[in-house]
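All remarks here apply to the structure that follows.
We number each residue from 1, following the sequence as shown.
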Amino acid sequence: MASSTSERRSPIVPVEFAKGVNGLDKVILREVRGCSAEVYLYGGQVMSWKNEHREELLFVSSKAIFKPSKAIRGGIPICFPQFAVHGSLERHGFARNRFWSIDLDPPPLPTSSANKAYIDLILKPSEEDLKIWPHSFEFRLRVTLGPGGDLMLTSRVRNTNADGKPFSFTFAYHTYFSVSDISEVRVEGLETFDYLDNLQNKERFTEQGDAITFESEVDKIYLSTPTKIAILDHERKRTIVIRKDGLPDAAVWNPWDKKAKAMTDFGDDEYKHMLCVEAAAVEKPITLKPGEEWRGRQELSAVPSSYCSGQLDPQKVLSGS
């Protein structure tokens with residue numbers, strides 16, 4: 001007679017090591033209610049974040065190239081030590097094109113004892129990296145999947161230069177969110193703030209609307225922004241909330257049709273189903289003296305949203321209630 005225990009669900013394994021696309025190593029984080037996240041060691045890049053209904057909340061292009069030396073189009077690429085072309089390095093720096101290691105002995109980081117689904121990664125410069133950016137550093141990344149399905153990324157960058165020299169860097173979590181239809185999406189929390197428009201030679205403007213909506217290409221860096229930003233997806237009746245700490249700026253990007261067609265690793269119509277809202281430190285580079293450490297944190301949560309006259313009702317998400 002079959003034992004009843006054989007019919008019981010096997011316990012959730014909070015952290016699992018597996019192989020991803022093209023045999024690349026990845027870590028799968030799971031939470032008891034069915035939420036999950038996947039982190040590739042290549043790039044230290046989160047490539048999947050699913051809610052309890054197994055719905056994917058991040059966008060990854062169907063044409064993404066999973067081949068070392070190439071950046072992977074989608075998920076949460078880490079832009080370090082340079083955001084975009086704000087410096088002399090390759091676009092968005094080199095951290096997203098390097099293999100990270102599992103950090104077996106990370107310095108203590110405050111964490112809830114309820115969070116068992118997390119992984120610590122570390123990146124140190126290679127001899128080749130030091131030739132293009134001559135600074136010694138330790139970049140520690142903790143990715144945590146909280147009990148409610150929230151996704152937290154905490155970055156710690158330490159200057160380990162032995163020559164006594166400080167270094168400066170810019171940074172972003174280049175998060176690609178999956179959306180139902182870009183024309184039905186609005187971003188709240190950035191209205192009235194100044195931004196640099198990359199489509200107009202980085203000229204500075206002030207956001208005028210009551211929310212950001214999308215009907216053409218957008219490539220902006222909002223400056224000195226609030227710690228909380230919301231992406232409202234009308235069709236999915238879902239709001240993604242971004243909470244950030246140590247990251248004063250926020251980049252907003254959608255390539256629209258012409259630029260989408262020009263990118264080999266991006267489908268022609270995929271711009272309709274993605275939006276990048278990126279917690280960043282761009283306008284004022286971060287400077288660290290030897291021994292100093294910087295910390296930048298992003299927490300993502302997905303909540304059901306209700307609408308009243310097209311607005312979040314009653315502004316609960318942004319007010320923090």
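Distance alone, capped at 3.5 Å, places no donor-acceptor pair between the Tyr118 side chain and the Leu29 backbone. Between the Glu191 side chain and the Gly189 main chain, a donor and an acceptor come within less than 3.5 Å of each other. Using a distance-only test at 3.5 Å, with no hydrogens or angles considered, no donor-acceptor pair links the side chain of Asp197 to the main chain of Arg204. No donor-acceptor pair closer than 3.5 Å links the side chain of Asn161 to the backbone N or O of Asp163. Checking side-chain atoms of Gln82 against main-chain N and O of Leu89 turns up a donor-acceptor pair under 3.5 Å. With Gln45 contributing its side chain and Val39 its backbone, the two residues share no donor-acceptor pair below 3.5 Å. In this structure a side-chain-to-backbone donor-acceptor pair under 3.5 Å is missing from Glu31 to Glu52. Here the side chain of Arg156 pairs a donor or acceptor atom with the backbone of Pro107 at under 3.5 angstrom. Asp249 contributes no side-chain N or O that, together with a main-chain N or O of Ile221, makes up a donor-acceptor pair within less than 3.5 Å.
Checked against Glu55 for a salt bridge (charged side-chain N to carboxylate O under 4.0 Å, His left out), the options Lys50, Arg238, Arg236 give a single hit: Arg238. Tested against His92 for a ring-ring contact (aromatic ring centres under 6.0 Å, His included), the candidates Trp253, Phe80, Phe83 yield a single pass: Phe83. A side-chain contact (heavy atoms from CB on, under 4.5 Å) with Tyr222 is found for exactly one of Val187, Val282, Ile212, namely Ile212. Partner of Phe266 under the ring-ring contact (aromatic ring centres under 6.0 Å, His included) criterion, chosen from Phe59, Trp256, Tyr271: Phe59. Of the candidates Ser180, Ser178, Ser305, Asp233 forms a side-chain hydrogen bond (donor to acceptor under 3.5 Å, both in side chains) with just one, namely Ser180. Paired with Arg297 under the rule side-chain contact (heavy atoms from CB on, under 4.5 Å), one option of Lys244, Arg243, Met152 passes, and it is Met152.
Put simply, OG1 on Thr287 and CG on Asn159 are 10.0 Å apart, with the number rounded to the nearest 0.5 Å. Atom CG in Leu151 sits 12.5 Å away from atom CG in Asn51 (nearest 0.5 Å). Going from atom OG1 of Thr144 over to atom CG of Asp150 covers 11.0 Å, rounded to the nearest 0.5 Å. Taking CD1 of Ile240 as the start and CG of Leu57 as the end, the distance is 5.0 Å to the nearest 0.5 Å. We find the OG1-CG distance between Thr227 and Leu247 to be 11.0 Å, quoted to the nearest 0.5 Å. Note: Met47 CE to Glu38 CD = 9.0 Å, rounded to the nearest 0.5 Å.
Between the side chains of Ser61 and Glu270, a donor-acceptor pair is found at a separation under 3.5 Å. Thr160 and Lys124 share no side-chain donor-acceptor pair at under 3.5 Å.
The ring of Phe66 has its center closer than 6.0 angstrom to the ring center of Tyr40. Here Trp294 and Phe171 bring their ring centres to under 6.0 angstrom of each other.
For Arg142 and Asp120, the salt-bridge test passes: some basic side-chain N is under 4.0 Å from an acidic carboxylate O. Remark: Asp25 engages Lys19 in a salt bridge, criterion side-chain N to carboxylate O under 4.0 Å.
Summarising the local packing, CG of Asn22 is surrounded by more than 12 heavy atoms from other residues, nucleotides or ligands at distances under 6.0 Å.
Aromatic ring orientation, His135 versus Phe167: tilted (interplanar angle from 30° to 60°). Taking the six-membered ring for Trp and thresholds of 30 and 60 degrees, Trp100 and Phe139 have ring planes more than 60 degrees apart, a perpendicular arrangement.
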Does the pair Glu217 and Lys258 meet the rule for a salt bridge (charged side-chain N to carboxylate O under 4.0 Å, His left out), with working shown?
CA-CA 9 Å; Glu217 182 184 355; Lys258 282 184 187 168; over 6 Å; no
Run Asp265 and Lys70 through salt bridge (charged side-chain N to carboxylate O under 4.0 Å, His left out) and show every step you take.
CA-CA 10 Å; Asp265 61 348; Lys70 300 280 187 188; over 6 Å; no
